[in-house]
Amino acid sequence: MKQPSLIFLTGFSGSGKSTIGPLLANSLGFDFVDLDQEIEHAAGKSINRIFAEDGEAHFRELEATTLQQMTGKKELVVSLGGGVLQNDRSFSLIISTGTLVYLHSSPLVLAKRLSHKTDRPLMKGHHGERLSREEIEQKILALLEQREPRYKTAQITVETDNKRIGSTVEELTRKIERYIRRCEKQKIERNAKKRQK
Ligand SMILES: Nc1ncnc2c1ncn2[C@@H]1O[C@H](COP(=O)(O)OP(=O)(O)OP(=O)(O)O)[C@@H](O)[C@H]1O
Ligand SMILES: O=C(O)C1=C[C@@H](O)[C@@H](O)[C@H](O)C1
Ligand SMILES: [Mg+2]
């Protein structure tokens, strides 16, 4: 069953899901889980190592299995990984059980945020070498083309470019609280109609 207060944060790698997630959870008074961290913890190794030793397809399976543990929960913010929606099983689990929230960022800003990171295997070259900011931007553009249609199915979207993290958290809190209230009102109205029949 769908729980509007089960919040899944989506967006490209570097959009701020892991940074904003715990702050948002605190602001809403909800619990918090980072899917990438849960997977690393359960596997006992880093995402870099999972990709290198077991491959991306295995990582996508781990994402889907770990997500399953979160379905049915309430008042929880989950920071997803940047590519999880591409897996059909994960995508349908997410949209059928909670509220999807999209942190939108431009490719230029994402490339800037990611260019010094070494823990994003998809932002490296074929042999694990570091890429230039321009090469990272090209990779981001290609992946965004595939991923954006599913990011855009989110019920709530916020822009994160040129905004302080605190402002994004405030905007998200306002939008999510309003969305949950609206869902609750609709549920009450649906139940009242059912009783009248
Ligand atoms: N709104 C923001 N403004 C400025 N910097 C940000 C913002 N959001 C994230 N950052 C910075 O970008 C980097 C990546 O952020 P973060 O790890 O939260 O991204 P993510 O969406 O969780 O990525 P991934 O999908 O790879 O897990 C961090 O160094 C963070 O400080
Ligand atoms: O964009 C992606 O596919 C990824 C993003 C990260 O959150 C991690 O889940 C992993 O590095 C893969
Ligand atoms: Mg993250």
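Remember, it's 1-based here, ligands and their atoms both numbered in the order they're listed.
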Legend entry - Passing option when Leu143 is tested against Glu148, Gln138, Met123 for side-chain contact (heavy atoms from CB on, under 4.5 Å): Met123
Inset, instruction - Assess Phe12 for proximity to ligand 2: is some non-hydrogen atom of it under 4.0 Å away? - result: no
Legend entry - Element-labelled atoms of ligand 2 that are located less than 4.0 Å from some non-hydrogen atom of Ile47: 10 (C), 11 (O)
Legend entry - Sub-4.5 Å side-chain heavy-atom contact between Lys139 and Leu110: no
Legend entry - Lys124 side chain near Asn48 side chain, heavy-atom distance below 4.5 Å: yes
Inset, instruction - Kindly indicate whether the side chain of Arg49, heavy atoms from C-beta on, has any atom under 4.5 Å from the side chain of Glu40. - result: no
Legend entry - Heavy atom of Arg164, distance to ligand 1 below 4.0 Å: no
Legend entry - Phe12 and Tyr151 aromatic ring geometry - parallel, tilted or perpendicular at 30°/60° bounds: perpendicular
Inset, instruction - Assess whether atom NZ of Lys2 is packed by more than 12 heavy atoms of other residues, nucleotides or ligands within 6.0 Å. - result: yes
Legend entry - Donor-acceptor pair between Ser15 and Ser105 side chains, under 3.5 angstrom: no
Inset, instruction - Report yes if the side chains of Lys117 and Arg130 come closer than 4.5 Å at any heavy-atom pair, otherwise no. - result: no
Inset, instruction - State, with a plain yes or no, whether a side-chain heavy atom of Glu56 is found less than 4.5 Å away from one of Leu122. - result: yes
Legend entry - Per-atom contacts, ligand 1 versus Thr19 - under 4.0 Å to a heavy atom: 9 (C), 15 (O), 16 (P), 18 (O), 30 (C)
Legend entry - Value rounded to 0.5 Å, distance of CG in Asp34 from OG in Ser18: 3.5 Å
Legend entry - Protein residue, atom and distance nearest to atom 25 (O) of ligand 1, heavy-atom basis: Lys17 NZ, 2.6 Å
Inset, instruction - Distance to 0.1 Å, residue and atom name: give those for the protein heavy atom nearest to atom 11 (O) of ligand 2. - result: Pro121 CD, 3.5 Å
Inset, instruction - Among all protein heavy atoms, pick the one closest to atom 5 (C) of ligand 2 and tell me residue, atom and distance. - result: Gly82 N, 3.3 Å
Legend entry - Interfacing atoms of ligand 1 (cut-off 4.0 Å, heavy-atom, Lys117): 13 (C), 28 (C), 29 (O)
Inset, instruction - Check whether any side-chain heavy atom of Asn191 sits under 4.5 Å from a side-chain heavy atom of Lys194, and report yes or no. - result: yes
Inset, instruction - Please report which non-hydrogen protein atom sits nearest to atom 23 (O) of ligand 1, along with the residue it belongs to and the distance in Å to one decimal place. - result: Gly14 N, 2.9 Å
Inset, instruction - For Lys74, look at atom NZ and say whether over 12 heavy atoms of other residues, nucleotides or ligands are found less than 6.0 Å away. - result: no
Legend entry - Protein contact to atom 10 (N) of ligand 1 [nearest heavy atom, distance to 0.1 Å]: Arg113 CD, 3.6 Å
Inset, instruction - Specify the protein heavy atom at minimum distance from atom 12 (C) of ligand 2: its residue, its atom name, and the distance to 0.1 Å. - result: Phe51 CZ, 4.0 Å
Inset, instruction - Please could you name the atoms of ligand 2 that Asp36 approaches to less than 4.0 Å, counting only its heavy atoms? - result: 6 (C), 7 (O), 8 (C), 9 (O)
Legend entry - N/O/S from Ser18 sitting under 2.8 Å away from the Mg ion (ligand 3): yes
Legend entry - Min side-chain heavy-atom separation Ile165-Ile20 under 4.5 Å: yes
Inset, instruction - State, with a plain yes or no, whether a side-chain heavy atom of Lys73 is found less than 4.5 Å away from one of Gln3. - result: no
Inset, instruction - Work out whether the distance between some heavy atom of Ser79 and some atom of ligand 1 is less than 4.0 Å. - result: no
Legend entry - Residue Phe59 vicinity, atoms of ligand 2 by number, heavy atom under 4.0 Å: 9 (O)
Inset, instruction - Look at ligand 2 and say whether Arg60 reaches it with a heavy atom at a distance under 4.0 Å. - result: yes
Inset, instruction - Identify which one of Thr157, Leu172, Thr10, Ile156 satisfies the side-chain contact (heavy atoms from CB on, under 4.5 Å) criterion when paired with Leu103. - result: Leu172
Inset, instruction - If you have a sec, work out which protein heavy atom is nearest atom 27 (O) of ligand 1 and how many Å separate them, to one decimal? - result: Asp36 OD2, 3.4 Å
Inset, instruction - Of the side chain and backbone of Lys139, name the one, both, or neither that has a heavy atom under 4.0 Å from an atom of ligand 2. - result: neither
Inset, instruction - Find all atoms of ligand 2 within a distance of less than 4.0 Å from any non-hydrogen atom belonging to Leu122, and give their numbers and elements. - result: 2 (C), 3 (O)
Inset, instruction - Determine whether any heavy atom of Met123 lies closer than 4.0 Å to an atom of ligand 2. - result: no
Legend entry - Closest protein heavy atom to atom 9 (C) of ligand 1, given as residue, atom name and distance to 0.1 Å: Gly16 CA, 3.5 Å
Legend entry - Contacting atoms of ligand 2, where contact means under 4.0 angstrom from a heavy atom of Gly81: 7 (O), 9 (O)
Legend entry - Protein contact to atom 17 (O) of ligand 1 [nearest heavy atom, distance to 0.1 Å]: Arg120 NH2, 2.8 Å
Legend entry - Contact check: Thr168 vs ligand 1, nitrogen or oxygen atoms, below 3.5 angstrom: no
Inset, instruction - Below 4.0 angstrom from a heavy atom of Gly82, which ligand 1 atoms are there? Numbered from 1 as shown, please. - result: 25 (O)
Inset, instruction - Report, in ascending order of atom number, the atoms of ligand 1 lying under 4.0 Å from any heavy atom of Phe12. - result: 21 (O)
Inset, instruction - Please check if atom CD in Glu145 has more than 12 non-hydrogen atoms from other residues, nucleotides or ligands closer than 6.0 Å. - result: no
Legend entry - Backbone or side-chain N or O of Gly11 under 3.5 Å from ligand 1 N or O: no
Legend entry - Nearest neighbour in protein (non-hydrogen) for atom 1 (O) of ligand 2: Arg147 NH1, 2.8 Å
Legend entry - Enclosure of Lys152 NZ (heavy-atom neighbours >12, cutoff 6.0 Å): no
Legend entry - Polar proximity ligand 1 side, Ile165 side, N/O cut 3.5 Å exclusive: no
